[in-house]
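In listed order, ligands and their atoms are each counted from 1.
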Amino acid sequence: MKNDRQAIKWPKFLYRYSRSLLLGLMTLVIILGLHLLWGIPGLTQETTTLKVLVNALEAKEWSSLVEEFEEKNPQIEIEVVEGPTDSNLVENLYSTAFLLGKSPYDLVYMDIIWVPKFAAAGWLQDLSGKIAPSELQDFLEKDIEAGRYKGGLYRIPFRSDVGVLYYRSDLLKQGGYEPPENFDRLQIIAQELQQSTESNWGYLWQGKQYEGLSAMFVEVLEGYGGVWIDPETKAVGLDKPEAIAAVEFLRHAIESGITPSGVTTYTESESLRFFLNGESVFLRNWPYVWAEANKPSSPIQGKVGLKAMVHAPGESSGAAQGGWGLGIAKTSKHSEEAWKFIDFFTSRDSQKQYILDYSYIPSRRSLFRDPEVVDKYSYYPKLLQAIDNAVLRPPIPQYAQVSDILQRYLTAALTGSKTPEAAMKKAAAETRRVLGTS
Ligand code: GLC
């Protein structure tokens, strides 16, 4: 008798695998069923990628906090796109992306001066409902205020910033000098130590035509008692004698040789590099320089002091308020995940880790007095005073335009193509036109 099996002509491999195939199929059906009914973690939860553009100086420094966040939130991935170094160039990239209407960015890492423009243009989500007023109280008021626009809150500060004056404590001691308090004294000490020590230059700052020039200038301007733009009245003070004196001081620093004429190409990085190499007595820069200057590999480790910027007699020190914070793009479809990231990044613990690693300034007041922080950076309580008295660049929607005008005319004065007075008269007139007050 013929075997039944042979009577039905099953393909051979089906014979061999029919049982396991059946089992496999049944498992798949069950899994799919369960998946549809209840949703199985891992199958249903897709990974959300949040994209953010970060200035090149900080992009790498973000990595350990980003890793920690991703470990805690395995369903969220952060894609950090490294942007240019200059703040205004990063701003241009964000603005262009938003103007084109197809922004790839969910999170917006913003300089303190961008908020009025971005919020007025409708590019950001209002975050006021996401954070309790009691939670906001730990942040520095000015940093929070700078994130507000017409009743909304668009940026949560991650780190603050304030301009300071660095000096070579060893050289000053050697020459028998106390750190200077006013512009004339700085000029004298810089010149004398430049001649009597190996230091090539006396005083370095950011003179390139970019946002750093405006930030540096507001400090000198304030030190002479001048005003750029009054945000309330929109009055422009760039052609006033105090403003012209401020430009003359910078121009004179180049002419007298304490500052190299190449300063008109320097950003924070170049001026820092020369200072680190021991090539200058003074440097104007931000607090992150402290960690760089005191690294074991630094030629000037332990030879640096820092203080508030000098000022004219009878005036007080001007310090530019800087800082960076996070917002959510209006077009982002992942605002919940983006908020999780902001909440984590701006938390006390994250900020503490970041500032201990890089000597940035926290945006949370309590961290300025944290024992571990003060143990590492004894000058932080003093910096808090500086930040409380810091000058905010004009918080107006036209900020990018007016800063661009100021930078152009300062460059004309610093390179000698216009006198300080002529340059500032033009700068004031153009600024008034932009503000509609001429
Ligand atoms: C720093 C400040 C920022 C400023 C920039 C200028 O990053 O935090 O506010 O605009 O320097 O270069």
Geometry only, no angles: is Gln321 polar-contacting ligand 1 at N/O separations under 3.5 Å?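 Between Gln321 and ligand 1 (N or O atoms, distance only) the closest approach is not under 3.5 Å.
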More than 12 heavy atoms of other groups within 6.0 Å of Lys376 NZ: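 Yes.
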Within a reach of under 6.0 Å around NZ of Lys426, are more than 12 heavy atoms found that belong to other residues, nucleotides or ligands?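 No, because the 6.0 Å sphere around NZ of Lys426 holds 12 heavy atoms or fewer from other groups.
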Using a 4.0 Å cutoff against the non-hydrogen atoms of [X], which atoms of ligand 1 qualify?
X      : value
Tyr210 : 12 (O)
Glu211 : 10 (O)
Asp161 : 1 (C), 2 (C), 7 (O), 8 (O)
Gly212 : 6 (C), 12 (O)
Gly323 : 2 (C), 8 (O), 9 (O)

How far is [atom] from the closest protein heavy atom, and which atom is that?
atom                    : value
atom 4 (C) of ligand 1  : Asp111 OD2, 3.4 Å
atom 7 (O) of ligand 1  : Trp324 NE1, 3.0 Å
atom 12 (O) of ligand 1 : Glu268 OE2, 2.7 Å

Evaluate the ring pair (Phe, Tyr, Trp, His ring centres under 6.0 Å) criterion for residues Phe341 and Phe344: first the C-alpha distance (whole Å), next the side-chain angles of each, then the deciding distance (0.1 Å), finally the verdict. CA-CA 5 Å; Phe341 181 77; Phe344 168 81; 7.1 Å; no
Can you tell me if Arg393 has a non-hydrogen atom under 4.0 Å from ligand 1?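 Yes, that is the case, since the closest heavy atom of the residue is under 4.0 Å from the ligand.
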Straight-line distance of Tyr210 OH to Thr411 OG1, nearest 0.5 Å: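 One gets 11.5 Å once the value is rounded to the nearest 0.5 Å.
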From Leu410 atom CG to Phe217 atom CZ, the distance as rounded to the nearest 0.5 Å: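 Reported to 0.5 Å precision, the distance equals 5.0 Å.
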Cationic N near anionic O, under 4.0 Å, Arg432 to Asp239: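 Counted as a salt bridge, because a side-chain N and a carboxylate O are separated by less than 4.0 Å.
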Run through Phe139, Trp324, Phe158 and flag the one making a side-chain contact (heavy atoms from CB on, under 4.5 Å) with Ser363.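 Looking at Phe139, Trp324, Phe158, the match for Ser363 under the side-chain contact (heavy atoms from CB on, under 4.5 Å) is Phe139.
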